[in-house]
Colleague: 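Take a look at the following structure, please.
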Amino acid sequence: MEHKFSLVIATLNRYEEVKGFLNSIKNIKYPLDKIEVIVVDQNDKLDLSKIINEFQDLNVLHIKSSIKGLSQNRNLGLKRCSGDIVAFPDDDCEYLEDTLSVVNDFFTCNKDSKVIMGRIVERDGSDSLRKWPKETININKNNFYTKCSSITMFIKKNPKELVFNENLGTGNYFGACEDADMIYRLLKEGAPIVYNPELRLYHPHYSSSHNMSEEKVYSYGLGFGAFCRSGFDVHKLILLIKAQGYHCVNTLIGIITLDKERIKKGYNAFVSRVKGFVKYKPV
């Protein structure tokens with residue numbers, strides 16, 4: 001069975017990267033007529049039309065959006081999806097030749113599963129962003145967070161409306177965890193979710209927390225705190241305690257080693273999570 005994929009890519013201030021993603025789709029080992037790419041374009045001045053017109057052999061829907069925000073624009077794209085599996089690639093990632101084949105084979109063999117997540121890798125196949133597990137893992141409320149990244153999530157369309165929390169994610173005050181929030185809500189609904197290391201895609205390493213600006217570290221922390229506050233329960237309490245413990249230790253190491261940058265980032269990460277938790281107003 002060949003599933004139809006809807007790939008929703010919300011983009012802002014990226015040009016060559018969008019071309020790189022579309023090139024990766026063009027070269028993928030999967031029937032192109034079973035793939036639609038929905039480009040939700042937030043640019044005011046950058047014109048992506050020329051690039052998109054270069055890929056006439058792909059099914060690309062180009063949507064201009066006047067709204068800023070990752071979650072808001074992914075939701076716009078979701079409303080236009082016609083595939084039975086949806087995914088949310090970043091505008092600077094690329095799929096490997098077998099990315100969609102792995103997902104298709106998984107859902108063909110595991111008909112009850114609703115979500116598959118996988119690994120982010122560098123060009124040479126090594127782990128990017130973090131060290132990813134190399135074994136298949138059934139996802140639950142205790143282990144989901146470190147396996148979760150929006151760009152590796154492939155989701156069977158749910159009978160209920162699939163929607164991102166528009167208070168969370170890049171471009172919002174609470175600038176992260178829109179992906180964790182969606183996965184956690186699906187888990188609460190009882191959706192079977194699997195992490196499979198055979199599912200891989202490329203993403204550059206510069207999004208690692210070690211390379212992020214202080215502003216982004218703070219924004220991500222606000223998003224994490226807000227996510228923990230939304231639908232707060234014992235699992236999120238444990239997650240919050242673990243995260244804050246980590247950043248306390250990281251700050252302490254910075255003090256011991258006289259690493260001012262580490263102290264500042266560790267402190268900002270800790271404080272922003274508290275602030276996000278306190279300031280977020282659950283819907």
Colleague: Mark yes or no for whether N143, through its side chain, and N138, through its backbone, hold a donor-acceptor pair below 3.5 Å.
Modeller: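 It does hold such a pair.
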Colleague: Would you say the side-chain atoms of W132 pair up with the backbone N or O of I120, donor to acceptor, closer than 3.5 Å?
Modeller: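 Between the backbone of I120 and the side chain of W132 there is a qualifying donor-acceptor contact (under 3.5 Å).
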Colleague: State, with a plain yes or no, whether a side-chain heavy atom of L100 is found less than 4.5 Å away from one of I35.
Modeller: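 The answer is yes, as the side chains (C-beta and beyond) meet within the 4.5 Å cut-off.
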Colleague: Please lay out, stage by stage, how F224 and F277 fare under the test ring-ring contact (aromatic ring centres under 6.0 Å, His included).
Modeller: CA-CA 8 Å; F224 181 90; F277 186 91; 9.8 Å; no
Colleague: Between L222 and K275, is any pair of side-chain heavy atoms under 4.5 Å apart?
Modeller: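 Counting from C-beta outward, L222 and K275 do come under 4.5 Å.
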Colleague: Taking all atoms of both residues into account, what is the closest heavy-atom pair of Y95 and S24, and its distance?
Modeller: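 For Y95 versus S24, the nearest heavy atoms are N-OG, 3.2 Å.
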Colleague: Report yes if the side chains of Y195 and T146 come closer than 4.5 Å at any heavy-atom pair, otherwise no.
Modeller: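 No. Closest side-chain heavy atoms not under 4.5 Å.
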Colleague: For D92, does its backbone N or O pair with a side-chain atom of D90 as donor and acceptor, under 3.5 Å?
Modeller: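 No; judged by distance alone, with no hydrogens or angles, the pair does not exist.
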Colleague: Are any of the side-chain nitrogens in D179 or R74 under 4.0 Å away from the carboxylate oxygens of its partner?
Modeller: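 Answer for the salt bridge query: no.
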Colleague: Looking at F88 versus F164, is the centre-to-centre ring distance below 6.0 Å?
Modeller: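 Yes: the rings meet the under 6.0 Å criterion.
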Colleague: Is a side-chain donor or acceptor of K188 paired with a backbone partner of K141 at a separation under 3.5 angstrom?
Modeller: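 Not confirmed, K188 side chain does not pair with K141 backbone.
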Colleague: A side-chain contact here means heavy atoms from C-beta on lying under 4.5 Å apart; do H235 and N142 qualify?
Modeller: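 When only atoms from C-beta onward are counted, N142 and H235 do touch, with a gap below 4.5 Å.
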Colleague: Going by the ring pair (Phe, Tyr, Trp, His ring centres under 6.0 Å) test, name the single residue among Y218, Y280, F227 that passes it with F174.
Modeller: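 Among Y218, Y280, F227, the one meeting ring pair (Phe, Tyr, Trp, His ring centres under 6.0 Å) with F174 is Y280.
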Colleague: Are K19 and K50 close enough that some pair of their side-chain heavy atoms sits under 4.5 Å apart?
Modeller: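 Heavy-atom side-chain distance check fails, nothing below 4.5 Å.
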Colleague: Just checking, any donor-acceptor pair under 3.5 angstrom between side chains of N172 and Q72?
Modeller: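 Side chains of N172 and Q72: pair found under 3.5 Å.
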Colleague: Examine the side chains of R130 and S149 and answer whether a donor and an acceptor come within less than 3.5 Å of each other.
Modeller: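 Absent: no donor and acceptor within the cut-off.
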Colleague: Specify the closest pair of heavy atoms between S128 and V121, including all atoms of both residues, with the distance to one decimal.
Modeller: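 Taking every non-hydrogen atom into account, CB-C, 3.7 Å.
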Colleague: Which distance, rounded to the nearest 0.5 Å, do you find between the CD1 of I253 and the SG of C248?
Modeller: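 Spacing of CD1 (I253) from SG (C248) equals 11.5 Å.
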Colleague: May I ask you to test the K236-Y184 pair for a side-chain heavy-atom distance under 4.5 Å?
Modeller: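 Contact flag for K236/Y184 side chains = yes.
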Colleague: So do Y173 and N167 actually touch side chain to side chain, heavy atoms under 4.5 Å?
Modeller: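 Not in contact.
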Colleague: Minimum heavy-atom separation for M117 and L199, please, with both atom names.
Modeller: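 Heavy-atom minimum between the residues: C-CD2, 3.8 Å.
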Colleague: Mark yes or no for whether N165, through its side chain, and E178, through its backbone, hold a donor-acceptor pair below 3.5 Å.
Modeller: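 A pair under 3.5 Å: no.
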Colleague: Does the side chain of E36 pick up a donor-acceptor pair with the side chain of S6 at under 3.5 Å?
Modeller: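 Checked: E36/S6 side chains pair up, N/O donor to acceptor below 3.5 Å.
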Colleague: Could you tell me whether F154 and F107 have their ring centroids closer than 6.0 angstrom?
Modeller: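 Ring centres of F107 and F154 not closer than 6.0 Å.
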Colleague: Output the distance between atom NZ (K64) and atom CG (D44), rounded to the nearest 0.5 Å.
Modeller: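 K64 NZ to D44 CG: 7.0 Å, rounded to 0.5 Å.
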Colleague: To the nearest 0.5 Å, what is the distance between CE (M1) and SG (C109)?
Modeller: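 With rounding to 0.5 Å, CE (M1) is 12.0 Å from SG (C109).
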Colleague: Looking at D98 and K29, does any basic side-chain N land under 4.0 Å from a carboxylate oxygen?
Modeller: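 No.
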Colleague: Is there side-chain contact between P89 and L201, with heavy atoms separated by less than 4.5 Å?
Modeller: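 With C-beta onward as the side chain, the pair stays apart.
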